[in-house]
> 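Below are the structure tokens for one structure; questions will follow.
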Amino acid sequence: MASRPPPIEAFGAGKVILLGEHSVVYGHPALAGPLSQGVTARGVPAKRCQLTLPPHLSRHQRAQLTAAFARAAKATGEPAVKVTLDADLPLAVGLGSSAALSVACSRLLLKAAGKEPTAKETARVAWEMEQEFHGTPSGVDHTTSAEERLVLYRRKPGTAVGKGRVVDSPKSLSVVVALAGERSPTKATVGALRERQARWPERYRRLFTEIGRVASEGAEAVASGDLAALGDAMNVNQGLLAALGLSSPPLEEMVYRLRGLGALGAKLTGAGGDGGAVIGLFLEPAPAVAKLTALGVRCFSSQLAGPRAT
Ligand code: MEV
């Protein structure tokens with residue numbers, strides 16, 4: 001009797017945007033890095049390609065996930081595998097959970113189909129899924145997750161997708177991620193901003209351009225190991241996001257809390273709005289996580305980049 005192939009596993013990292021959310025939608029660069037938290041997909045041989053839906057999903061989420069998985073299955077030749085998902089990342093708070101899920105499924109299906117799950121191939125399949133979840137995202141989330149490196153991402157002019165340039169960091173780059181307030185759906189926040197920019201295009205173009213500049217400067221600061229300059233870029237970016245109408249009292253309060261705890265820079269990350277995730281850049285994240293946890297704040301730390309092990 002032929003022996004059954006062993007189960008396969010694939011991971012998709014969540015992400016944080018260090019600099020440049022929203023303006024990235026309009027073609028400007030954004031600096032983003034992978035979290036160590038994410039989604040793990042596991043696959044066992046089966047008669048056909050299928051996904052076991054996680055429990056506690058709404059009807060809408062079930063339909064969306066089923067449709068997204070079907071697109072990835074089609075893009076990988078429908079390998080005969082049954083997939084289950086497991087997340088250690090807070091979901092739907094601006095930390096790229098749908099991209100992490102898309103990358104985990106795509107990597108797993110590519111592996112099951114006997115194909116090499118390179119970052120490029122993984123991103124191509126994950127993009128199919130991301131469109132089902134978000135409509136027309138900039139592509140920064142799934143690109144960062146597929147690369148699993150800090151990237152300066154830019155959407156190609158006139159196209160829906162873009163390219164991430166890996167940014168090496170000679171210094172360890174650690175952030176504290178803290179959750180604040182009630183999150184507004186990304187689609188609504190992105191849509192409301194689009195209306196404002198359509199009404200006053202020149203003013204908003206200037207702000208997007210400035211955010212893009214700050215993101216590029218931040219990437220240079222990372223490459224040269226100047227974490228103080230990166231922190232300052234994050235603080236300036238927060239001010240510009242507030243000017244775009246994307247911050248709120250719970251997010252601002254958390255930004256100031258993180259700065260008060262010694263962050264070199266702090267800002268909202270992801271879509272912003274009424275609430276969501278805030279990041280602070282720390283040389284020593286552990287004491288800040290301990291203090292925030294004692295105050296009842298949901299938080300964790302993650303190293304986004306650093307000297308690579310030889
Ligand atoms: C969401 O993680 C980041 C946004 O810039 C939207 C996008 O890039 O598609 C708000």
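All values below were derived from every heavy atom in this structure, side-chain atoms included, with hydrogens, water molecules and symmetry-related copies excluded. One-based numbering along the sequence shown. Both ligands and their constituent atoms are indexed starting at 1 by order of listing.
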> Say whether T269 and ligand 1 are in contact under the criterion: heavy-atom distance to a ligand atom below 4.0 Å.
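Distance cut 4.0 Å: T269 fails for ligand 1.
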
> Is any N or O atom of T186, backbone or side chain, closer than 3.5 Å to an N or O atom of ligand 1?
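There is no such contact.
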
> Among all protein heavy atoms, pick out the one at the shortest distance from atom 3 (C) of ligand 1; state its residue, atom name and that distance to 0.1 Å.
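Going by distance alone, atom 3 (C) of ligand 1 is nearest to I17 CD1, 3.7 Å.
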
> Give the residue and atom name of whichever protein heavy atom lies nearest to atom 6 (C) of ligand 1, and the separation in Å to one decimal.
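Checked against all protein heavy atoms, atom 6 (C) of ligand 1 sits closest to V25 CG2, 3.9 Å.
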
> Before you tell me yes or no, could you show the steps for E9 and T40 under side chain to side chain donor-acceptor pair (under 3.5 Å), namely the whole-Å CA-CA distance, both residues' side-chain angles and the distance that decides it to 0.1 Å?
CA-CA 7 Å; E9 218 177 85; T40 301; 5.4 Å; no

> Considering residues at least two apart in sequence or located in another chain, which fulfil the side-chain contact (heavy atoms from CB on, under 4.5 Å) criterion with L264?
L227, L281, L283

> Within a strict 4.5 Å, meaning less than it, do heavy atoms of the I211 and H28 side chains meet?
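Heavy-atom side-chain distance check fails, nothing below 4.5 Å.
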
> For atom 5 (O) of ligand 1, what's the nearest protein heavy atom and its distance?
H22 N, 2.9 Å

> Just one of V140, L246, N237 clears the side-chain contact (heavy atoms from CB on, under 4.5 Å) bar with E21, so which one?
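Among V140, L246, N237, the one that satisfies the side-chain contact (heavy atoms from CB on, under 4.5 Å) with E21 is N237.
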
> Could you tell me, atom by atom, which parts of ligand 1 come under 4.0 Å of a heavy atom of V24?
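That gives atoms 5 (O), 8 (O) of ligand 1.
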
> Please work out which of P137, S138, A271, G162 has its closest non-hydrogen atom nearest to atom 7 (C) of ligand 1.
S138

> Just by distance, with hydrogens left out, do T186 and H134 show a side-chain donor and acceptor under 3.5 Å apart?
no

> Non-hydrogen atoms of K15 versus ligand 1: any pair closer than 4.0 Å?
yes

> Using only heavy-atom distances, determine whether the side chains of S58 and Q61 contain a donor-acceptor pair under 3.5 Å.
yes

> Cation over ring, R259 on Y256, under 6.0 Å and within 45°?
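Yes, R259 and Y256 form such a contact.
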
> Side chain or backbone of T189 under 4.0 Å from ligand 1, or both, or neither, by non-hydrogen atoms?
neither

> Under a plain distance cut-off of 3.5 Å, with no hydrogens placed, do Q303 and S36 share a side-chain donor-acceptor pair?
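Side-chain D/A pair, S36 to Q303: absent.
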
> Within the 4.0 Å heavy-atom shell around E21, which atoms of ligand 1 are there?
5 (O)

> Could you tell me which atoms of ligand 1, counted from 1 in the order shown, lie closer than 4.0 angstrom to a heavy atom of V140?
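Going through ligand 1 atom by atom, the ones under 4.0 Å from V140 are 8 (O).
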
